[in-house]
Amino acid sequence: MSLSILQTLTGHVQAAFAALDLPPKQGRVIRSDRPDLAPFQCNGALAAAKAAKKNPREIAASVVEILTGNPDIADMEIAGPGFINLTPTDALITSRANALAASERTGAEHVAQPQKIVVDYGGANVAKPMHVGHLRSAVIGESLKRLLRFRGHDVTGDVHLGDWGLQMGHLISELEHEQPDLPYFDAKITNGYPTESPVSMDDMARLYPAASAKSKDDPARLKLSQEATAELQAGRAGYRALLDHFITVSIAYLKRGYGELGVEFDLWKGEASVDPLIPGMIDDLIAMGITEESDGALIIPVDETYDADKRKGIPPVMLRARTGAVLYHTTDLATLIDRKNEIGPDKIYYVVDQRQAMHFDQVFRACAKAGWYERDQLEHLGFGTVNGKDGKPFTTRGGGTLRLADLTEMMRDAAQERLAASGIGQDFDPEELEDIANKVGMAALKFADLQNQRTTNYVFDVERFVSFEGKTGPYLLYAAVRIKSLLRRAAKQGVTPGTINAVEDAEQKLVLTLDHFDDALAHAEDKRMPHILCDHVYSLAQAFSKFYAECPVLQDGVADETKASRLALAKLTLRQLTLGMGILGIDIPERM
RNA sequence: GGUUCCAUAGCUCAACUGGAUAGAGCAGCCGCCUUCUAAGCGGCAGGUUGAAGGUUCGAGUCCUUCUGGGACCGCCA
């Protein structure tokens, strides 16, 4: 793959800096803040002037002098305090456009040093229905996984089910309360349990909140759940058999839910799956001498300045509770060991709610104390909450949580309505209509989520989501679908893509945008922020829409070679849109 | 009380290791469909970047203080 225009210009300017005995690093070229003046700029003369205590404009002038006559640079200009504005030649733009068209990945490079990475996302719990709160982890995690994989890393996505804590004790004890005669509760029976689950997903969705609510103001009821949790973890056969049912039923349900979102995990492991590692791990930690007994619990202090009375500092990691049950910390640590044994990852990313930042800080500190991983191998990629218009976590009008299935149905319905309103889909068969509505709704939902900076909270406004205009998923689909239509029409007319010759302003801007793909991907990876890729894909769709409006492709009166050039440009755009949106988890229909 | 994140146009959000005139979308106003999908394109208007200081040739970005808001703070996950 040839160099991008940006890289080409950077090379020239850095060479000029080096020739002047200035740090080549400062010769870095960036996309211009003032595209009205020139597409590219270099601000390095200012930084260089500061270090060398010289006049920045003089340095800029020297750089320009060296670069004068460079065959890739059409125009240079020194502006303001010492900015160098750079305009590439038409020849450079055109040759790059053809290189991109010839590139299978439209210019996207693979990283030089691929890493083995685990992405822990999804955040689903056994027995709990999926609601809007699960959306972000799934959508962000999936796109990060795809991004890293596309960049060339060896990535494993793990759903890491919540299937081992008190919630299981809640379920078991509440089920016992409701159906005490089930064989799982008879301590004398230790095998031969029914193969059919005694509960459905709906049953669990009812039992868990019931137990949780009762336990809130009834210590005796809570104790039942805690005891059941401890017994389960101690290996009581009936409880283990129940847990297996819970997990099997939940995974079947979750696979459907995540499948609808286009989210696929490589591993469906959970907390329960690392249970066998826990006793040995605790022994090791004790042997290392980093544990302490405290109020009957086994802990690892992770902050010397911690003061429980003043509520200052970071609380210790809880390995084992007074009741004997292990906790969230313990299973997360055991999971780190499991991953070390099974995968040996260079990095592990946790795509989990920002509110759990301290939890991960604790786990990572404990892990560093144990010496299992370097601190920079573990990273919590927190995300903000989805809020309603009132700024509080999103709920239905009634105050309950909104189920994910209801949300996706809402999006699909809105898309169907919009499709009907446009009058385009009248001759489509119902199956295709349904498929289009699904893709449009899903694109709207995912893009609306992903375009927000990962770490901040954002407001979920249903009306805005279903408007499908402006900076939305459907806008992206629309651009792509128009290209598909164009390609079909071209095929019918016998026009084939040819050599790209970018001469019109809209054509050149489209090429410059296309050429930014690799940068956007690298930047998005570097920050682990999908919204950076969203911005790129949106800019691309915008650049194409302008091109489409200004540059007729197949219309009468357009020269044959211009048709072939523009068609090639359109096709290249479609390929990059498809790649970029694919990483975001957005599927494009054939027409809409 | 402690820790931490945030505050940018009427609304929702961007702004790449500090750079020029802080950008998009929505909402508002004005144009553009007998020819490639108007879920589109062009244009207008909209800002003391919460406040006050400081560092710097240069600050939305870095530092300090203040105001307002969110989240978290040992046996839940």
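In the text below, chain A, chain B and the rest are named by the order of the sequence lines, each starting its count at 1. Note that the structure is predicted; figures quoted are calculated from it, not measured. Just the heavy atoms: all of them, side chains too, but no hydrogens, waters or symmetry mates, feed the values below.
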Exercise. Hey, does the side chain of A/Tyr538 come within less than 4.0 Å of B/C13's phosphate (OP1/OP2), counting only N and O?
Worked result: no
Problem set entry | Interatomic distance where CD belongs to A/Glu525 and C1' belongs to B/C16 [whole Å] | 15 Å
Problem set entry | Polar side-chain atom of A/Ser32 near backbone of A/Ala38 as donor-acceptor pair, under 3.5 Å | yes
For this session: Describe the nucleic acid contact of A/Glu469 in one word from base, sugar-phosphate, nothing, applying a heavy-atom distance below 4.0 Å.
Result: sugar-phosphate
Exercise. With rounding to whole Å, what would you report as the distance between B/G53 and B/A59 at their P atoms?
Worked result: 14 Å
For this session: For residues A/Tyr208 and A/His170, establish whether the separation of their ring centroids is below 6.0 Å.
Result: yes
Exercise. Between A/Tyr548 and B/G40, do the rings stack, that is, sit under 5.5 Å apart with planes less than 30° off each other?
Worked result: no
Exercise. Does any donor-acceptor pair link the side chain of A/Lys546 with the base of B/G40 at a separation under 3.5 Å?
Worked result: no
For this session: Calculate the interatomic distance between A/Ile78 atom CD1 and B/A20 atom C1'; express it in whole Å.
Result: 14 Å
Exercise. Quick one: on RNA chain B, does A/Arg34 or A/Arg418 contact a more 5' nucleotide (nearest heavy atom)?
Worked result: A/Arg34
For this session: Would you mind telling me which residue lines up with the more 5' stretch of RNA chain B, A/Lys310 or A/Pro552, judged by nearest nucleotide?
Result: A/Lys310
Exercise. Using the glycosidic torsion, which applies to B/C33: syn (within 90° of 0) or anti (everything else)?
Worked result: syn
For this session: Measure from CE on A/Met592 to C1' on B/A38 and round the result to the nearest Å.
Result: 12 Å
Exercise. Atom CD1 of A/Ile436 and atom NZ of A/Lys439: how far apart are they, to the nearest 0.5 Å?
Worked result: 8.5 Å
Exercise. When all nucleic acid strands are considered with a 4.0 Å heavy-atom cut-off, which category describes A/Asn85: base, sugar-phosphate, or nothing?
Worked result: base
Exercise. Are A/Phe547 and A/Phe544 near enough that their ring centres are under 6.0 Å apart?
Worked result: yes
Exercise. Do the charged groups of A/Glu379 and A/Arg528 touch, with an N to O distance under 4.0 Å?
Worked result: yes
Exercise. For the side chain of A/Asp332 and the base of B/A77, is some donor closer than 3.5 Å to an acceptor across the two?
Worked result: no
Problem set entry | Secondary structure string for RNA chain B (Watson-Crick or G-U under 3.5 angstrom, | for other-strand pairs) | (((((((..((((.....[...)))).(((((.......))))).....(((((..]....))))))))))))....
Exercise. Does the side chain of A/Ser173 come under 3.5 Å of the side chain of A/Arg221 through a donor N or O and an acceptor N or O?
Worked result: yes
Problem set entry | A/Thr229 (side chain) donor-acceptor with A/Ser225 (main chain) under 3.5 angstrom | yes
